[in-house]
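The structure under discussion appears below in the form of structure tokens.
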There are 2 protein chains.
Amino acid sequence: MAQLFVCQGHDVIPRWREAFAEARLVTPEQARAQAGAGDRVWVTSDLDRWSGLVSNLSRRGAILSVLSYAPNSLEAFQALGAGARGYAHVLSPPELLRQVEMVVTHQGIWVWPELLAQVVGGAFRTLGGEAMLQKETLACLTEREQAVALAVAEGLSNKAVANRLAITERTVKAHLGAVFRKLGVRDRMQLILKLSHQEQDAL
Amino acid sequence: MAQLFVCQGHDVIPRWREAFAEARLVTPEQARAQAGAGDRVWVTSDLDRWSGLVSNLSRRGAILSVLSYAPNSLEAFQALGAGARGYAHVLSPPELLRQVEMVVTHQGIWVWPELLAQVVGGAFRTLGGEAMLQKETLACLTEREQAVALAVAEGLSNKAVANRLAITERTVKAHLGAVFRKLGVRDRMQLILKLSHQEQDAL
DNA sequence: TGTTACCCTGTCCATCGGTCCAATACCGAT
DNA sequence: ATCGGTATTGGACCGATGGACAGGGTAACA
């Protein structure tokens, strides 16, 4: 469970060593070579292709946090989208870094406090809008059919939907068949498109 | 620093007491009366006006987590938008509940794992960073793989893609396999979800 | 009581989808 | 000229999917 700080060496942050005595400073290349599952890896967003590094290491099971000199919401979502679980200022005090580390090691998300409101608020508005569009097409479905349709629209397999709704896979198929018939689609792929993106349903 | 579980009493979850020995079960009214700054409050989403309760208590400094019998992205955003910091299944095992508690008390966000991708993705789209991210994901594909990926993202079957591109269905499978590998997705549904929010600008 | 709608389950079967094993050919780079 | 990447196929395997057919149960309603 190594604690790795990825940087180019041009600016070593003493706060990092204060926060984690056992921290190791490594180059991006060393990080790619050494980081494994469970390692806590900290990446500064001034590195070249930092998001690629983040997604690479996070896919390998490492726990990523991104540190930025100028935190902003877009970069925050780039970080989270790439698989990072933490996003904070690069000069955060040691106590804060330890707090971030505590959160991310427990499967949590830690975002720079000033951005948290936009993160949640903005996301909620879009989801609300999408929900309105979905409501129309879902209106003609029964409650259970809607649950199945929405689960399928998330990319789940029939087995996964059955597991989530605590019913058999066969029942999922039955509901799904009804959904296809009512919405006039042929398969789950077109259902996903219909629910996730309304405007082009000329199929 | 009380640990309060808000419920109507009709279904007391023993896991809650397993997770937190000092937990107190309270009604929504009791919660409004007793909860104060620093208290950890757990609310089930089957309560009437649960989101109002959540926003009320969170404004008073309590640390809110929402527990749902059927977690879904819309409800997750409602919860986060109302000020909750945690969102999990109501039947989560005690270890998971303690993990959530650990995260939220350290200023973190904890979201039911299956919803995390959507939470991040939905919020990212809000800020208009979608097109850039999509171009980045398509950039690592060859010209032919992009054509196949985009056709599949329209909901076409392998056979239909083969007809459009004037190649064999077998070849479509080959390209598609490469696309899955490079983009780190498991099947065509994940691919659709990854690409369905852009199109129109890559051809 | 019969009807209707919804929810749940089962079996059978044809097709589709994804991955494994190959192979051939083109083209640029070393 | 050999090597690596890309594009193109083939076959085979097996799980996932969707449709057809055939039921079970509950609840509301005339």
Below 4.0 Å from chain A heavy atoms, what is the first contacting nucleotide of DNA chain C and what is the last?
C:dC6 to C:dT11

Integer-rounded Å distance: D:dA27 P and A:Glu143 CD:
15 Å

Given side chains that start at C-beta, do those of B:Thr27 and B:Val6 come closer than 4.5 Å, heavy atoms only?
no

Please report the closest heavy-atom contact between B:Glu18 and B:Pro94, naming both atoms and the distance.
OE1-CG, 3.4 Å

Give a yes or no on whether a salt bridge exists between B:Glu154 and B:Arg164, defined as a side-chain N under 4.0 angstrom from a carboxylate O.
yes

Taking all heavy atoms of A:Phe20 and all of A:Leu97, pick out the closest pair and write down the distance.
CZ-O, 3.6 Å

Write out a two-atom table: protein N or O, nucleotide N or O from nucleotides 18-21 of chain D, distance below 3.5 Å.
from, atom 1, to, atom 2, distance (Å)
D:dG18, OP1, A:Arg188, N, 3.0
D:dG18, OP2, A:Arg188, NH1, 2.8
D:dG18, N7, A:Lys173, NZ, 3.4
D:dG18, O6, A:Lys173, NZ, 3.3
D:dA20, N6, A:Arg170, NH2, 2.9
D:dC21, N4, A:Arg170, NH2, 3.2

Describe, as an angle rounded to 10 degrees, how the axis at the first end of the helix from C:dC8-D:dG23 to C:dT30-D:dA1 is tilted relative to the axis at the last end, five pairs per end.
30°

Between A:Lys182 and A:Ile167, which is nearer to the 5' end of DNA chain C once each is assigned its nearest nucleotide?
A:Lys182

For B:Ala178, report the nucleic acid contact type (base, sugar-phosphate, nothing); a contact means any heavy atom under 4.0 Å.
nothing

OP1 or OP2 of D:dT9 less than 4.0 angstrom from a side-chain nitrogen or oxygen of B:Thr171, does that happen here?
yes

Quick one, B:Ser58 with B:Ser55, criterion side chain to side chain donor-acceptor pair (under 3.5 Å). Give me CA distance, side-chain angles, the key distance, then yes/no.
CA-CA 5 Å; B:Ser58 70; B:Ser55 62; 5.9 Å; no

Check A:Ala2 against A:Asp39 and note the closest heavy-atom contact, atom names and distance.
N-OD1, 2.8 Å

Evaluate the side chain to side chain donor-acceptor pair (under 3.5 Å) criterion for residues A:Trp42 and A:Gln3: first the C-alpha distance (whole Å), next the side-chain angles of each, then the deciding distance (0.1 Å), finally the verdict.
CA-CA 8 Å; A:Trp42 305 75; A:Gln3 198 83 231; 2.8 Å; yes

What distance do B:Gln99 atom CD and A:His106 atom NE2 have between them, rounded to the nearest 0.5 Å?
6.0 Å

Test side chain to side chain donor-acceptor pair (under 3.5 Å) on B:Arg170 and B:Asn158 and set out the steps.
CA-CA 9 Å; B:Arg170 184 61 195 82; B:Asn158 286 341; over 6 Å; no

Could you pull out the closest heavy-atom pair between B:Val26 and B:Ala31, with the gap in Å?
CG2-CB, 4.0 Å

Looking at B:Thr168, does any N or O in its side chain come under 4.0 Å of the phosphate oxygens OP1/OP2 on D:dT9?
yes

Whole Å only: how far is the CG atom of B:Leu141 from the P atom of D:dT6?
10 Å

Can you tell me how far C1' of D:dG5 sits from CZ of B:Arg181, to the nearest Å?
12 Å

I'd like to know whether B:Arg24 forms a side chain to side chain donor-acceptor pair (under 3.5 Å) with B:Gln34, so could you lay out the CA-CA distance, the side-chain angles of the two residues, the decisive distance to 0.1 Å, and finally the verdict.
CA-CA 11 Å; B:Arg24 299 214 319 268; B:Gln34 299 174 16; 2.4 Å; yes

Could you give the CG-to-P distance, from B:Leu165 to D:dA7, as a whole number of Å?
12 Å

